[in-house]
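Report on one structure; see the data block that follows.
Order of the sequence lines fixes the chain letters, A, B, ..., with proteins taken first and strands second; residue numbering starts at 1 for each chain. For clarity, every value in this text was computed on a predicted model and none was experimentally measured.
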There are 2 protein chains.
Amino acid sequence: MQKEMADNVDIPEIIVPVLKALADPNRLRIFAALLRGTSCSGWLTEELGLPANLLSHHLRVLREVGLVQDRRDSVDGRWIYYQVDVVVLALIHQWLSTFLDPDRAALQPRLCGPEVAAKGSNNPAANFVWETTTI
Amino acid sequence: MQKEMADNVDIPEIIVPVLKALADPNRLRIFAALLRGTSCSGWLTEELGLPANLLSHHLRVLREVGLVQDRRDSVDGRWIYYQVDVVVLALIHQWLSTFLDPDRAALQPRLCGPEVAAKGSNNPAANFVWETTTI
DNA sequence: ATATTATTTCAACGACCATTGAATCATTGT
DNA sequence: ACAATGATTCAATGGTCGTTGAAATAATAT
């Protein structure tokens, strides 16, 4: 028996803002760094070679979409630590993993256009071979 | 024995453009529609309620980043069909799945900041409990 | 040839956004 | 109080991007 799959996935509100937040080279690098462990912004500045104010800006974007949390140092309040919010991460991971699953992608032509209208034993749409991408 | 995991993932060139392409509500809806099956733009216009020229614009963006392929109808060349490129999709899916894997996220504090410098039997950084996000 | 259909291109507007330098805030040390 | 440190905010700039309406292609039908 064939495995059942829902072909119509709805898109939660959080997804687009999160994708926007990650769709920037610097922010993606910052997020990647935070995935390697909680860190303070001074360390990130040095590690990523970004000006402190720019880093602060990007960290705020990541924080505002819920991907990152922050807290002050308990012994020296001038330092702030940043950490990935694993709950949000897990949510995003799960949704994207389902949404982008190649096995879910239906490649059958929709009932749409003259090719499909003129279907029969030799439907041209069914026989068409798409170019394969070379990576 | 503990499962080994690379904590330093490099970011392929394609990732940011692809995230940018998907980080738009209309394009994400278009892509979601294409994941349900190959379609012509007339059908998408009607289904998604977007003006034809706007749809064309977004389809071009998706095509330029390699997410989508197009071809003309073999019996009526005025019609164009759009389809998700499963090879690119699989690549993106695999990378994002690894990158955003919550199990990969290291929550240990980096060697960074006064808390960690003053570590010992009662390291405050190790005992700190981050807020849990309610979804 | 002319008209019609499906789709794309063009120009232009407004909004948003990443980056920069200077100023400000918050906290700790002297 | 004052200086020093970690980090944020502010204002300004230049560029990018989504959207719109009109014009232009491309292909078929009459």
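B:H57 comes within 4.0 angstrom of a nucleotide base, judged by non-hydrogen atoms across all strands. B:Y81 comes within contact range of no nucleotide atom at all, as no heavy-atom separation falls under 4.0 Å.
Rounded to an integer number of Å, the gap from CH2 of B:W79 to P of D:dA27 is 16 Å. Atom CG of B:L54 and atom P of D:dA22 are 16 Å apart (whole Å). Atom CG of B:D70 is separated from atom C1' of C:dT7 by 11 Å (rounded to the nearest Å). If you take CG of B:L62 and C1' of D:dC17, they are 14 Å apart, rounded to a whole angstrom. Going from atom CD1 of B:I80 over to atom C1' of C:dT9 covers 13 Å, rounded to whole Å. Remark: P of C:dT7 and CZ of B:R63 are 13 Å apart, rounded to the nearest angstrom. Rounded to whole angstrom, the span from the CD atom of B:E46 across to the C1' atom of C:dT5 amounts to 15 Å. For the pair B:R60 CZ and D:dT25 C1', the computed distance is 14 Å after rounding to whole Å.
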*Given the rule in the side chain to side chain contact (heavy atoms under 4.5 Å, CB included) test, do A:L62 and A:Y82 qualify, once you have shown the distances and angles that lead to the verdict?*
CA-CA 10 Å; A:L62 290 171; A:Y82 297 92; over 6 Å; no
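Toward the 5′ end of DNA chain C lies the nearest nucleotide of A:R27, the other residue of the pair A:S74 and A:R27 mapping further downstream. Toward the 5' end of DNA chain C, the nearer of the two residues A:D73 and B:L55, judged by each one's closest nucleotide, is B:L55.
Checked against a 6.0 Å centroid threshold, the rings of B:W79 and B:Y81 do not count as neighbours.
Classified by interplanar angle (parallel below 30°, tilted 30° to 60°, perpendicular above 60°), the ring pair A:F99/A:W95 is parallel.
With hydrogens and angles ignored, a donor-acceptor pair under 3.5 angstrom links the side chain of A:N53 to the base of C:dG21. Below the 3.5 angstrom threshold, one finds no donor paired with an acceptor across the side chain of A:D76 and the base of D:dG6.
Dashed line: the shortest gap from a side-chain N or O of B:R78 to OP1 or OP2 of D:dT25 is not under 4.0 Å. Contact check, B:S56 against C:dT7: no side-chain N or O comes under 4.0 Å of OP1 or OP2. Proximity of B:Y82 to the phosphate of C:dA6: no side-chain N or O atom is located under 4.0 Å from OP1 or OP2. Of the side-chain N and O atoms in B:R72, none sit less than 4.0 angstrom from OP1 or OP2 of C:dT7.
Of the inter-residue distances, the one linking A:L19 atom CG with B:K20 atom NZ reads 12.5 Å to the nearest 0.5 angstrom.
For the residue pair A:L55 and A:S41, the shortest heavy atom distance occurs at CD2-O, 3.3 Å.
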